[in-house]
Amino acid sequence: MDARVSVIDKRLKNIKRIISVASGKGGVGKSLVASSLALNLAKKGFKVGLLDLDLYGPSSHIILGVKDVFPKEEKGIIPPNVHGINFMSIVYFTEDKPSPFRGIDISNIIIELLAITQWGLLDFLIIDMPPGMGDETLDVIRFIKKSEFLVVSTPSKVALGAVSKLLKILKELKIPIIGVLENMSMTRSSFIKNEIDSMDLPYLGCISFDNALEESIGKPNKLLESDFMKDLDDLLEGINL
Amino acid sequence: MDARVSVIDKRLKNIKRIISVASGKGGVGKSLVASSLALNLAKKGFKVGLLDLDLYGPSSHIILGVKDVFPKEEKGIIPPNVHGINFMSIVYFTEDKPSPFRGIDISNIIIELLAITQWGLLDFLIIDMPPGMGDETLDVIRFIKKSEFLVVSTPSKVALGAVSKLLKILKELKIPIIGVLENMSMTRSSFIKNEIDSMDLPYLGCISFDNALEESIGKPNKLLESDFMKDLDDLLEGINL
Amino acid sequence: MHEWALAESILVAAVEAAEKEKLKIISEIKISIGELQQIEQDIFEFALEEIIKTQGDKLKNVKTVIETEKSTLKCKNCEHTWDFSDMKKKLNEDESEAIHFIPEVAFVHARCPKCGSPDFEIMTGRGVSITSIKGER
Amino acid sequence: MHEWALAESILVAAVEAAEKEKLKIISEIKISIGELQQIEQDIFEFALEEIIKTQGDKLKNVKTVIETEKSTLKCKNCEHTWDFSDMKKKLNEDESEAIHFIPEVAFVHARCPKCGSPDFEIMTGRGVSITSIKGER
Ligand SMILES: Nc1ncnc2c1ncn2[C@@H]1O[C@H](COP(=O)(O)OP(=O)(O)O)[C@@H](O)[C@H]1O
Ligand SMILES: Nc1ncnc2c1ncn2[C@@H]1O[C@H](COP(=O)(O)OP(=O)(O)O)[C@@H](O)[C@H]1O
Ligand SMILES: [Mg+2]
Ligand SMILES: [Mg+2]
Ligand SMILES: [Mg+2]
Ligand SMILES: [Mg+2]
Ligand code: NI
Ligand code: NI
Ligand SMILES: [Zn+2]
Ligand SMILES: [Zn+2]
């Protein structure tokens, strides 16, 4: 019997809300949304954790410009606080080298991370999810029963193909879906809104394509002032965050 | 002993070149490049196969507008020919429903697909790879020894984080890398080119962000006439394709 | 008739294994086929025979023994176990045929009968394998 | 000292299992720790003792028996097998410490010693598990 699994609930007990930022599709802005959401909430005075579960292509540390920090070992491992966020990522352990993991390894890494990370008291834990619907998604569903999902799409039909599959399975399993956020919109179109409406799920609004966003990558203070953040912040108001 | 594995080499024997379009990062345009490359080569008169290995978010059938076809069963399964491409995808078997697979299942699906698909004589087999560096990538490396990799990135630092990991491992394992294609470029910048040069790998050029591309999704004839295809075609000339 | 492709895989694998073991003649191959593959045994045996005819001396007088590996499915969410015959009741023809081609699409078309989770495991009953080979050096 | 978190997981799991089995008292827990975890046994035992003190009667007189599960690594590319002591020779301190926290980063920092592939399998030697529990109803 894998003992590590049993302690996970205890590790997450003092976290008020857990929000997994997911999509099914890659490159839609999950990591940007997750990191920005964490920054936004921290700035509002909440106690916030951020867990990067994209183990192949971890991005949150790039977006937040995290460097030269390492978790403290104390009755487990304590995520370093960066820009007001308790931040946990596989990069602490990989030196950012390639990570050729198979599914079973992914699952074991997630179990280990959840079993040994001491988050303490948090208002929010934000999880930056990888694309797909594999071991990471299935394990978040299996081990983090109280996680809600915030789903990101772009305006494209290609993205919606993967996004709607994730939405269908979450809906079928009666997992709370905060709603769908449309990112990188360039022209006014109600394509995504209509599709989400027809699935009877909340459409949260859209974030415009931000031409200057790349300059804010790695610079949280700049990111806080970006158009991207402005759009996100407006949209968060709509869901009382 | 899994017998299916032994027949894979035989199934791929009559294929002259196998090109896996990969990235490590999601949403960079792997599927667009893979589908367009297949269309482009087919139009040039080559015998072309296309295998969509993004089992969570298969996209090639959306891009090519594939509908209402199914493989023929004959000493295995024979991929339907769509727009001159012998096209194989998991969607024939999933009815495009959600695909909650774990890694071990992904691996088994790939083995089964490779063991039973009868490609016949091909000049090119193009593989549309998923993001990440998991079971799909490891199994392509394990079972398709003659695959070359065409790697796609966008101009972003965030994308490069994942892309450079894939490149490092391919290089370490001495797997042929055709080169790196920069997609969705919007401003002139030599950031990606410099990074690829410094890894001593071929930088193949860039494809501009195509504002009208979405209108060509699902319409191969339009896609053949798109700016995207024009850029791709120029870039293919540089590598004699 | 995709049975043919799987039958061929058995013979290719057997010849490969025989070469490793330096067998000059293969007298018997024991084959295990996962229940989820829903192989039509007649067709499979016919395919084996036809392919054997086209092969060299190594396989001339080979006897093939085919066993079906029963399926066991186990839910990761509620630990319930069941088998393919339970599962099949809820599948329509197209879904069942899809599983015949790619057993893992069971995760797409079926759910744990107890808790409804798609997160179950195929413990046994998939794939095509050789369990033993007999022959002469 | 992240050993503490793993020790706690053992005790939480044991109490959970005891409740399922309706044990009033747990007299013995047999623990298996994968070699890749590189647990410092002193610290782990100390942590177990400290946590047990804070627990109720169920665990008051429990005896803990700790075994290390030897590691076996097997290459999917060339089928070579080896173990963690072979692997450790090539790791620097940081890499080894990273594997102590997350055993699977072995795939990041190590390769098959025979063929150089990162595509190997941890057959045994990872994780923390309970192999048996004794007690009274
Ligand atoms: N609203 C936006 N405007 C401009 N660029 C964006 C926007 N959202 C995301 N991006 C960029 O798109 C790329 C993909 O974003 P990322 O957060 O890494 O996606 P994911 O985590 O879904 O793979 C990154 O280069 C990111 O900087
Ligand atoms: N050069 C381009 N210009 C405009 N849009 C593009 C371009 N390349 C890709 N896209 C769009 O970007 C999104 C991601 O492309 P896709 O091929 O699905 O990426 P991947 O397969 O890497 O996940 C799709 O909506 C696609 O239509
Ligand atoms: Mg991401
Ligand atoms: Mg506001
Ligand atoms: Mg794709
Ligand atoms: Mg040209
Ligand atoms: Ni058949
Ligand atoms: Ni420790
Ligand atoms: Zn169940
Ligand atoms: Zn090896």
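A, B, ... follow the sequence lines: proteins, then strands. Residue 1 opens every chain. These figures come from a predicted structure and were not determined experimentally.
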**Study point:** Gap separating the CD1 atom of Ile102(C) from the OG1 atom of Thr94(B), nearest 0.5 angstrom
**Key:** 10.5 Å
**Study point:** Distance (rounded to the nearest 0.5 Å) between Gln37(C) CD and Glu112(B) CD
**Key:** 4.5 Å
Review point. Does anything in residues 93-140 of chain B pair up under ring-ring contact (aromatic ring centres under 6.0 Å, His included), and if so which pairs, sequence neighbours excluded?
Key: Phe46(B)-Phe124(B), Phe70(B)-Phe93(B), Phe93(B)-Phe101(C)
Study note, to complete from the structure: Ranked by heavy-atom pairs below 4.5 Å to chain C, first place among Asn108(B), Ile78(B), Ile77(B) goes to Asn108(B)
Revision key, fill the gap. Most heavy-atom pairs under 4.5 Å with chain C, out of Leu55(B), Ile109(B), Ile104(B), belong to Ile109(B)
Revision key, fill the gap. The interface call for Ile90(B) against chain C, heavy-atom contacts under 4.5 Å, is side chain
Study note, to complete from the structure: If one checks every heavy atom of Pro98(B) against chain C at 4.5 Å, the contacting part turns out to be backbone
Check your understanding: Are any non-hydrogen side-chain atoms of Glu50(C) and Lys75(B) less than 4.5 angstrom apart?
Key -> no
Review point. Any residues in residues 123-137 of chain C near chain B, with a heavy-atom distance under 4.5 Å, and which are they?
Key: Arg126(C), Gly127(C), Val128(C), Ser129(C), Ile130(C)
Review point. Which residues in residues 103-121 of chain C have any heavy atom lying under 4.5 Å from a heavy atom of chain B?
Key: Pro103(C), Glu104(C), Val105(C), Phe107(C), Val108(C), His109(C), Pro118(C), Asp119(C)
Practice item. Would you please go through residues 7-37 of chain B and name the residues with a non-hydrogen atom below 4.5 Å from one of chain C, in numerical order? Key: Val7(B), Lys10(B), Arg11(B)
**Study point:** Closest heavy-atom pair and its distance - His2(C), Glu73(B)
**Key:** N-OE2, 2.8 Å
